[in-house]
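In what follows, chains are A, B, ... by sequence order, proteins preceding strands, each numbered from 1. All values below were derived from every heavy atom in this structure, side-chain atoms included, with hydrogens, water molecules and symmetry-related copies excluded.
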2 protein chains.
Amino acid sequence: MTALNTDIFKTIDAERRGTTSEEVVSQLREMIHRGELRPGDRLPPERDLAKMLGVSRPTLRAGIRSLAAVGVLQSRQGAGTFVVKSDGPPALDSSPLRLMASLHGFTSAEMFEARQSLEMAVAGLAAERATGDQMATMSEEITGMFTSLDDPEQFLVHDMRFHQTVAAASGNRILTSLMNMVATILFDVRSKTVKRARDLKESAEMHRHIYRAIREHDPEAARAAMREHLVRAQRAQEQEAAEDAARDGANGNGR
Amino acid sequence: MTALNTDIFKTIDAERRGTTSEEVVSQLREMIHRGELRPGDRLPPERDLAKMLGVSRPTLRAGIRSLAAVGVLQSRQGAGTFVVKSDGPPALDSSPLRLMASLHGFTSAEMFEARQSLEMAVAGLAAERATGDQMATMSEEITGMFTSLDDPEQFLVHDMRFHQTVAAASGNRILTSLMNMVATILFDVRSKTVKRARDLKESAEMHRHIYRAIREHDPEAARAAMREHLVRAQRAQEQEAAEDAARDGANGNGR
DNA sequence: CTCTTACAATTGGTCTGACCTCTAGGGTCA
DNA sequence: TGACCCTAGAGGTCAGACCAATTGTAAGAG
């Protein structure tokens, strides 16, 4: 029993030559590792590839399906199967996290806290490394926020883009991906309540504080400003959600 | 084109009633969301479930396959398909991140930095919230490290468990999962070079510093101690890797 | 000559039905 | 009562066919 704690470190990895379709996944992974398949590449047609690997088409499809589920491959009917080519930062699919949240009953507060930790980390790094271009983009998004104070949905777009830019400025694509994973889920919730958003001006000001700290290359200030911003954002979102719940309860019209 | 930046926020979600198998994934997800399927539950046999959902067995299998790939379901030949039951903290599969790393050429340094940010965050939270039990476990693992200074592989086990305990003590399962995702990958690399590990005593001492800070409920000190520990760990690991490379180069025996 | 349109080959998506392999639980025999 | 074996049922794989979407090309109109 003492070894059980290390179980989560097990990998689905290569040498688990269990089922045939797992073998296919391994083969494809190896091809990617070896660089034979690069982002944007198109895989051979399923019928050919199946013959190459010596498996049947359904089995090959099962393997492709697995890799597609984790966001590595993407199939388009009539066109082919492609290695995912991400223009911007590499994106990890957030649905696994979403499922896990349902399965284990994660609270919104827990999700917010995770986001806060990640955003503070990237803000700190961004303060150390942001380039002029990136800071210019941040500034533009803040301007966008101020010009859409009366359009919450538009405001939210600028909000998101600002945070993305900060993440990009951190120079760490892994943290950026993880942050997006979490932020995506919170965004989905947010977009349902955002119509009732208030205090957008305050929010815009908070973003300016973050921006200034990054501009001054002051990591600690950037972290602090980001923390403050997210604490308030959480409070605001919870309030919006509560109002929605109250209204639905009064009208008796769920969903 | 201006809307392109928001693309990563798109979800594979529900309403994308595109292909039939995606529909199946949605259906299964809904069942989980609604709580009809709980961790540890067994799904109906594929043939029955396919009939229920009104799809063919291959299509259903494709959906199951997708969910299995992200770690939500698990199929065992002859037994059935089960909703994953995690004993400890919920685990996110690290293979997507691993693939992404290969695909985009993530450096080991970037990975280390991400881990450092995450570990610092959880250490800070752990300092605020660790229970007596958790601190006792940490202490025991440190003892374990000191008693296995001459057995690097055993030392590594205690090392991992210590970090897991800290993560658990953070009380945030999301951060814990993300941290494990990253740590798993670094661990795989590490386990290949660990035989040559030195300075284990210093490493054990560093863990003690972290432990003390957590015991004193001093988040800043915990963060600082964790940072210091990981910086040194990275340096050590890079050195081990370099030695391995040099040795392989001298002997001319790759792999 | 260029642009548009329609066709046809290519490719992934789905289905039917069959067979194999492994697991689990029950029945049998010592 | 216990250990062993056997069978029903589960997922895994295969084969072949057809459907649907895409794409490139070739024919026709301007």
Side-chain angles (χ1 to χ4, degrees), chain A residues 12-29 31-32 37 39-85 93 95, chain B residues 12-29 31-32 37-85 93:
Chain A
I12 305 187
D13 235 343
E15 284 69 20
R16 258 199 62 196
R17 296 296 144 85
T19 66
T20 311
S21 63
E22 274 171 4
E23 164 73 7
V24 171
V25 174
S26 297
Q27 295 256 13
L28 291 174
R29 284 185 49 165
M31 289 173 77
I32 292 173
L37 293 176
D41 281 2
R42 177 176 140 182
L43 270 63
E46 293 184 351
R47 294 165 178 82
D48 299 353
L49 190 53
K51 203 167 293 183
M52 281 186 224
L53 299 180
V55 300
S56 70
R57 202 177 147 218
T59 304
L60 172 67
R61 279 181 61 76
I64 290 179
R65 187 89 203 173
S66 290
L67 291 173
V70 298
V72 175
L73 298 180
Q74 187 175 14
S75 293
R76 277 163 42 210
Q77 185 174 168
T81 301
F82 301 83
V83 179
V84 162
K85 163 91 167 184
D93 188 10
S95 54
Chain B
I12 305 188
D13 233 344
E15 285 68 23
R16 258 199 60 196
R17 297 294 145 85
T19 66
T20 311
S21 63
E22 275 170 4
E23 164 75 6
V24 170
V25 175
S26 297
Q27 295 256 15
L28 292 174
R29 284 185 49 166
M31 290 172 77
I32 293 174
L37 293 177
R38 305 184 58 77
D41 281 2
R42 177 177 137 181
L43 270 63
E46 293 184 351
R47 293 163 178 83
D48 300 352
L49 191 53
K51 202 167 291 180
M52 281 186 225
L53 298 179
V55 300
S56 70
R57 202 176 149 220
T59 305
L60 172 68
R61 279 180 62 76
I64 290 177
R65 188 89 203 172
S66 291
L67 291 174
V70 299
V72 176
L73 298 181
Q74 185 176 16
S75 294
R76 277 163 39 209
Q77 185 175 169
T81 302
F82 302 83
V83 179
V84 162
K85 165 92 167 185
D93 188 10

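Separating the CG atom of D48(A) from the P atom of dT11(C) is a distance of 7 Å, rounded to the nearest angstrom. The CG atom of L60(A) sits 16 Å away from the C1' atom of dG16(D) (whole-angstrom rounding). The distance from atom CG of L73(B) to atom P of dG12(D) is 11 Å, rounded to the nearest whole Å. Between I64(A) atom CD1 and dT14(C) atom P there is a gap of 13 Å when expressed in whole angstrom units. Separating the CD atom of E22(B) from the C1' atom of dG13(C) is a distance of 11 Å, rounded to the nearest angstrom. Rounded to a whole Å, the CZ atom of F82(B) is 11 Å from the P atom of dA10(D).
Phosphate contact (OP1/OP2 of dC14(D), side-chain N/O of T59(A), threshold under 4.0 Å): present. Between T81(B) and dG11(D) there is a side-chain polar atom (N or O) within less than 4.0 angstrom of OP1 or OP2. Put simply, T20(B) has a side-chain N or O that comes within less than 4.0 Å of OP1 or OP2 on dT14(C). Phosphate contact (OP1/OP2 of dG12(C), side-chain N/O of R61(A), threshold under 4.0 Å): absent.
When distances are taken from the side chain of A79(A) to each of dT13(D), dG13(C), dT23(D), the shortest belongs to dT23(D). Taking the side chain of R42(B) as heavy atoms from C-beta on, and the options dT22(D), dA10(D), dT16(C), the nearest nucleotide is dA10(D). Here the side chain of S21(B) is nearest to one of dT14(C), dC15(C), dC22(C), namely dT14(C). With dG12(C), dG12(D), dC15(C) as the choices, the nucleotide that has an atom nearest any side-chain atom of P58(B) turns out to be dC15(C). Checked against dT14(C), dG12(D), dT11(C), the side chain of Q77(B) finds its nearest nucleotide in dG12(D). Of the candidates dA21(D), dG11(D), dT14(C), the closest approach to any side-chain atom of S56(B) belongs to dT14(C). Here the nucleotide nearest the side chain of E46(A), chosen from dG13(C), dT23(D), dT13(D), is dG13(C).
Evaluation of atom-type donor-acceptor distances gives a pair under 3.5 Å for the side chain of R57(A) against the base of dG13(C).
I32(B) is not listed as a side-chain neighbour of R29(B), based on a closest heavy-atom distance of 4.5 Å or more. Residues V70(A) and V70(B) meet the side-chain proximity criterion, which asks for heavy atoms closer than 4.5 Å. The closest side-chain heavy-atom distance from L43(B) to V83(B) is below 4.5 Å.
Between R65(A) and R76(B), it is R65(A) whose nearest contact on DNA chain C lies nearer the 5' terminus. Nearer the 5' end of DNA chain C, as judged by each residue's closest nucleotide, is the contact made by L43(A), out of R47(B) and L43(A).
With hydrogens and angles disregarded, no donor-acceptor distance shorter than 3.5 Å links the side chain of D48(B) to the backbone of P45(B).
A donor and an acceptor atom, one from each side chain of R65(B) and S21(A), are located under 3.5 Å apart.
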